[in-house]
2 protein chains.
Amino acid sequence: MSITTASRVLNGSKHPVSEKTRARVLAAAEELNYQPSALARALVTRNSRIIGVIVGSIVDPYFAEIARGVEDVAGRMGYLTMVCNADRHTEAELAHLQTLRDYRAAGVVFASSGYADDEHGGELAHAVADLSERGSTVVALAQRDFECLHAVVDNHAAAYDITDYVASLGHRRIAFVDGPAGLYTSALRRDGFEAAMRDAGLDPTLCFEGGFEYEAGYNAALRIMAAGPLPDAVVGVNDEVAIGVMSGLRQARVDVPAQVSIAGIDDTRPARFVELTTVSVPLYELGAVAARAILARSGDEQRPQPNVLLPHRLTPRNTTARRPR
Amino acid sequence: MSITTASRVLNGSKHPVSEKTRARVLAAAEELNYQPSALARALVTRNSRIIGVIVGSIVDPYFAEIARGVEDVAGRMGYLTMVCNADRHTEAELAHLQTLRDYRAAGVVFASSGYADDEHGGELAHAVADLSERGSTVVALAQRDFECLHAVVDNHAAAYDITDYVASLGHRRIAFVDGPAGLYTSALRRDGFEAAMRDAGLDPTLCFEGGFEYEAGYNAALRIMAAGPLPDAVVGVNDEVAIGVMSGLRQARVDVPAQVSIAGIDDTRPARFVELTTVSVPLYELGAVAARAILARSGDEQRPQPNVLLPHRLTPRNTTARRPR
DNA sequence: TTGTAGGCGTTATCAT
DNA sequence: ATGATAACGCCTACAA
């Protein structure tokens, strides 16, 4: 019973092995509580069973849901998912990419959007190309300026739909709280808002600077209240911001939704907590799709996969109300 | 210029190397965009720069904050943090532990509490011991029945303090919504609640089954309302549950805090969104402490480290009010 | 069907 | 100060 034979049965090689020896090997492995070294295996195979998920912020429920999607399907196949926090810095993404490359990750998932005019964009594109050449599958879950599989939702349409819905409630003065400057997702959603406003014959210029976090929304609420008469409604670039706005308004004794309606985008868990009107984005599914793509490619040959666009859905809840007239 | 020499300068060995050759190696490495294989290195050193964080639920903000703490300090030192989701199943923890062992993780952090009378407890203790012997540092951030470094907060006291505070507001009928059955943290907090109630001369038996998630709180709210006259206040085993209760109550047109006061424990991000009265638990710091312990041990020798108890702090906000009399 | 030899990319040991 | 050589634990030809 040689090492080779043992290796063959333990790693499911298709090389023929007699039933008796197979059984003996299995028995011995069980007996010794033997586990093959993932390290050595990855070293020779040039491919580990690690999947990296690079997120913009580990505490953001948006990314948590995506990570869960990846982890669920990857874990079922014996893959290890590592969630890497980049704090929305391209340089941090670069560093994580480096490490992931060092471990010959089977794939890496870019969960967050890229920046327009990113000064490290070239470097990143280069690193991604390098990674792909080495056999890792990379997939992006939002707009990115490098070549890879994209699985996304239509952010422009999502913002359009929620804005259109709010307008349909009879609101005229509708404000928008923007996301982080330069991020594609921010721009896409703002554009969607503006398009919907124009199509409804409303003024699309009531935009406030924001971010993706609760605090950004809270601060925006302060500026909104200082900027003149209250708007009829405000659409946040995402749920956290919308909740932050609501929190700021309510603290100032503004009644939501009686005085001001509020809506977000994403339908993350906190949105359900506060019964926020929003648009549901299939976050979990986005992650699952990414994981499946990686598993498919690392199993079979490198057959190229088609990009995918997942559907979103308007989800009215209790933070919006019809405008009294 | 041999491989050996190159290796020596590239990995900061303390073996002497002349300045000239050192420079030449560095230049060549830069030139070729060379990166040492983390896999090969880990294979021979029997220690990778991977830290595993096993969490009870990846979407739970409680764990997100802890993961951030670990990731922040580990990332700064070039370590890779992998967040593994166990869905609160000991078996899943076992599986992750297996994988982490295969990759010779530098350390693993158990972020969630263990179960009393866990049927897989023995197995887990065994796996942990095995891991420790192989040189990995394991640290638990809540009560666990295996030998390892513990960095925790006093859950009993945290629950006592928040209950005591609520009672001090004049409330008499105070309900408690419990956490997952069998979990040490649940029991500790419930005990803290009961102790505070008794010390305040109040009835500590108004407990409802719950969980750690929003939905559990929401469902508990329904049962609370069906169980007779509304309580003066309710203390949730954690913030999510407290918010769920609040959501359920408000949906039934119960005014919080005018009719019922509500408080949680943990001070996770959503708690700030809704201005929940709670007790702040140093989640980020818990993770940071764990990471530092792992880094310390994998750098120097295995000097044993002392367990640590981190302080919590009462954080009154707007979901509790003094009882009208 | 089974076994042998070579190599994956490092670090560690022992010369030189 | 530098270099050859042997592991680390596995997989994949290539023989037998």
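Note on naming: letters A, B, ... go to the chains in the order of the sequence lines (proteins, then strands), and numbering restarts at 1 for each one.
- Here Arg144(A) pairs with Glu93(A) in a salt bridge; the nearest charged N to carboxylate O distance falls below 4.0 Å.
- Taken from CD in Gln35(A) to OG1 in Thr99(B), the straight-line distance is 9.0 Å, to the nearest 0.5 Å.
- A distance of 5.5 Å separates CD1 in Ile66(A) from CG in Leu286(A), rounded to the nearest 0.5 Å.
- Taking CZ of Arg104(A) as the reference point, atom CD1 of Ile50(A) lies at 12.0 Å (rounded to 0.5 Å).
- Atom CZ of Arg134(A) is separated from atom P of dC8(C) by 14 Å (rounded to the nearest Å).
- Residue Tyr103(A) holds its OH atom at 14.5 Å from OG of Ser136(A), rounded to the nearest 0.5 Å.
- Listed by residue number, the members of residues 35-46 of chain A with any heavy atom below 4.0 angstrom from DNA chain D are Gln35(A), Pro36(A), Ser37(A), Ala40(A), Arg41(A), Val44(A).
- The terminal axes of the helix from dT1(C)-dA16(D) to dT16(C)-dA1(D), fitted over 5 pairs per end, subtend an angle of 40° to the nearest 10°.
- Atom C1' of nucleotide dC8(C) and atom CG of Asp102(A) are separated by 15 Å, given to the nearest angstrom.
- A salt bridge between Glu285(B) and Arg292(B) is present, with a side-chain N of the basic residue lying under 4.0 Å from a carboxylate O of the acidic one.
- Ser7(B) has no side-chain polar atom (N or O) that falls below the 4.0 Å cut-off from OP1 or OP2 of dT10(C).
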Quick one: which protein N/O atoms are closer than 3.5 Å to N/O atoms of nucleotides 2-5 of chain D? Pair and distance per line, please.
residue: dT2(D); atom: OP1; partner: Ser18(B); partner atom: OG; Å: 3.2
residue: dT2(D); atom: OP1; partner: Thr21(B); partner atom: OG1; Å: 3.2
residue: dT2(D); atom: OP2; partner: Ser18(B); partner atom: N; Å: 2.8
residue: dT2(D); atom: OP2; partner: Ser18(B); partner atom: OG; Å: 3.4
residue: dT2(D); atom: OP2; partner: Thr21(B); partner atom: OG1; Å: 2.9
residue: dT2(D); atom: O4; partner: His15(B); partner atom: NE2; Å: 3.0
residue: dG3(D); atom: OP1; partner: Met1(B); partner atom: N; Å: 2.8
residue: dG3(D); atom: OP2; partner: Ser2(B); partner atom: N; Å: 2.9
residue: dG3(D); atom: OP2; partner: Ser2(B); partner atom: OG; Å: 3.4
residue: dG3(D); atom: OP2; partner: Thr5(B); partner atom: OG1; Å: 2.8
residue: dG3(D); atom: N7; partner: Arg8(B); partner atom: NH2; Å: 2.6
residue: dG3(D); atom: O6; partner: Arg8(B); partner atom: NH1; Å: 3.2
residue: dG3(D); atom: O6; partner: Arg8(B); partner atom: NH2; Å: 3.2
residue: dA4(D); atom: N7; partner: Thr4(B); partner atom: OG1; Å: 3.2
residue: dA4(D); atom: N6; partner: Thr4(B); partner atom: OG1; Å: 3.0

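- Electrostatic pairing of Arg68(B) and Glu71(B) does not count as a salt bridge here, judged by no charged N lying under 4.0 Å from a carboxylate O.
- Checking the phosphate oxygens (OP1, OP2) of dT11(C), a side-chain nitrogen or oxygen of Asn11(B) falls inside 4.0 Å.
- Close to dG9(C), at under 4.0 Å from its OP1 or OP2, lies no side-chain N or O of Tyr103(A).
- Comment: Asp60(B) does not engage Arg269(A) in a salt bridge, judged by the lack of any side-chain N to carboxylate O separation of less than 4.0 angstrom.
- Remark: the Ser2(B) side chain and the Thr5(B) side chain contain an N/O donor-acceptor pair separated by less than 3.5 Å.
- Using a 4.0 Å cut-off between charged side-chain N and carboxylate O, Glu19(B) and Arg24(B) make no salt bridge.
- Summarising the geometry, the separation between CG on Asn47(B) and C1' on dC8(D) is reported as 14 Å, rounded to the nearest angstrom.
- Of all heavy-atom pairs spanning Met77(B) and Arg49(B), the tightest one is O-NH2, 3.0 Å.
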